[in-house]
Amino acid sequence: MRLATWNVNSIRARVDRVIDFLERSGTDVLAMQETKCKDEQFPREAFEQAGYEVVTSGFSQWNGVAIASRVGITDVERAFAGQPGWGEDPVTEARALGASCGGVRVWSLYIPNGREIDDPHFDYKLRWLEALRAESARWLTEDPARPVALVGDWNVAPLDTDVWDIDVFAGRTHVTPAEREAFAAFAEAGYTEVSRQHLPAEHTYTYWDYQQLRFPKNQGMRIDFTWASPTLAVRVTDVSIERNERKGKGASDHVPVVLDIAEAA
DNA sequence: ATGCCTGTGAGACACAGA
């Protein structure tokens, strides 16, 4: 099975590119983030015509996650248990969508950006990561053999070499010890970040800002990852970062990360 | 060329992204 994750930065603006990628890449399951539309606005017909079922979670023009699959989609959840909400009267945002596809429990995740270190969104980001860690650890406690993939845009650069110049990020989000500890805690919960395992090269990015020629200069960030449960991690045979998808007119600022997963023994 | 930001809603700019 081929499983990919991609922050598409608006599915309505990008649907032709996304469908084209699905067909070229042989992707069976695609987890999308930042679809930027309500469920009723999602261009599901294009996916269905290409042979994919699609489930979506979008409440407004902000955030939005979706999963497309040609190997089945069942048991859909539009938030994880204990998912923190935003605001004084907390609102659950469209940042987590779970579904079982081809025997794998896939979670499409869009971790809050955090904005600035002194912004309330930063504390929200840390609480959100901790709540996800606690809940996903519980899934493995219940059933250690469960194949689970936590995929998406984590908005954390775990290593200094995951950004082009760490000095540029001094005092900013994505690289703070608190965020990195919250990210690394998924390893303590029993998960393996399989993209690093297969693609250890430094300065290998999944995102390049639209501004200031960041892509031509290769000034990017590595912030899209896959935490795989033990029985799934050992089935991952290859991972690729589809850098070519950042090229040309109408590209998302993120590229797909693709995993090849062997059949269960 | 991989090229100087893009997408949303609104109907001018404000907000968000990272």
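Labels below follow one simple rule: chain letters A, B, ... track the order of the sequence lines, proteins then strands, and each chain is numbered from 1.
- Nearest nucleotide to the side chain of Gln211(A), out of dC5(B), dT2(B), dG9(B): dC5(B).
- Between Arg214(A) and dG3(B) there is no side-chain polar atom (N or O) within less than 4.0 angstrom of OP1 or OP2.
- A perpendicular orientation is assigned to the rings of His121(A) and Tyr124(A), their planes being inclined by more than 60° (bins at 30° and 60°).
- Here the CH2-CH2 distance, from Trp86(A) to Trp62(A), works out to 14.0 Å after rounding to the nearest 0.5 Å.
- Atom pair Tyr124(A):OH and dG17(B):P shows a separation of 10 Å (rounding to whole Å applied).
- Nucleotide dG7(B) holds its C1' atom 13 Å from the CG atom of Asn63(A), rounded to whole Å.
- The side chain of Tyr210(A) sits closest to dC5(B) out of dC15(B), dC5(B), dT2(B).
- Residues Asp209(A) and Lys249(A) both approach DNA chain B. Their nearest nucleotides, taken by heavy-atom distance, put Lys249(A) toward the 5′ side.
- Taking the nucleotide of DNA chain B with the nearest heavy atom to each of Pro216(A) and His121(A), the more 5' of the two is matched to Pro216(A).
- Residue contacts shown for Gly114(A) are absent, as no nucleic acid heavy atom lies under 4.0 Å away.
- Using atom P as the reference point in both dA10(B) and dA16(B), the two lie 15 Å apart (nearest Å).
- Taking only side-chain nitrogens and oxygens, Asn9(A) never comes nearer than 4.0 Å to OP1 or OP2 of dT6(B).
- Between dA18(B) and dG7(B), the two P atoms lie 14 Å apart (nearest whole Å).
- In this structure, Glu34(A) places its CD atom 7 Å from P of dG17(B), rounding to the nearest Å.
- Asn113(A) places its CG atom 16 Å from the P atom of dC15(B), with the value rounded to the nearest Å.
- Between Arg115(A) and dA18(B), a side-chain N or O to OP1/OP2 separation shorter than 4.0 Å is absent.
- Between the side chains of Gln33(A) and Ser108(A), at least one donor-acceptor pair of N or O atoms lies under 3.5 Å.
- Using modelled atom types and a 3.5 Å distance limit, the side chains of Lys36(A) and Asn9(A) yield a donor-acceptor pair.
- Spacing between atom CZ of Arg246(A) and atom P of dC5(B) amounts to 11 Å, rounded to whole angstrom units.
- The shortest distance between the side-chain N/O atoms of Thr173(A) and the OP1/OP2 oxygens of dA18(B) is not below 4.0 Å.
- Comparing the same atom, C1', in dT8(B) and in dC4(B) gives a spacing of 22 Å after rounding to whole Å.
- dG3(B) and dA14(B): their P atoms are spaced 29 Å apart (whole Å).
- Rounded to whole Å, the distance from CD on Gln61(A) to P on dA16(B) is 10 Å.
- Within the nucleic acid shown, Trp62(A) comes within 4.0 Å of at least one base atom, counting heavy atoms only.
- The aromatic ring centroids of Trp139(A) and Phe80(A) lie 6.0 Å or more from each other.
- When the side-chain nitrogen and oxygen atoms of Gln41(A) are compared with OP1 and OP2 of dG9(B), one or more of them lie within a distance under 4.0 Å.
- Using a 4.0 Å heavy-atom criterion, one finds that Asn155(A) contacts the sugar-phosphate atoms exclusively.
- Residue Lys36(A) places its side chain closer to dT8(B) than to any other of dC5(B), dA18(B), dT8(B).
- For the pair Lys125(A) NZ and dA16(B) P, the interatomic distance rounds to 16 Å; values are reported in whole Å.
- Put simply, OH on Tyr207(A) is 6 Å from P on dA18(B), counting in whole angstrom units.
- Residue Tyr205(A) places no side-chain N or O under 4.0 Å from the OP1 or OP2 atom of dT2(B).
- Side-chain polar atoms of Thr56(A) and Asp39(A) form a donor-acceptor pair below 3.5 angstrom.
- Between His254(A) and dG17(B) there is no side-chain polar atom (N or O) within less than 4.0 angstrom of OP1 or OP2.
- A distance of 9.0 Å separates CG in Asp160(A) from NE2 in His203(A), rounded to the nearest 0.5 Å.
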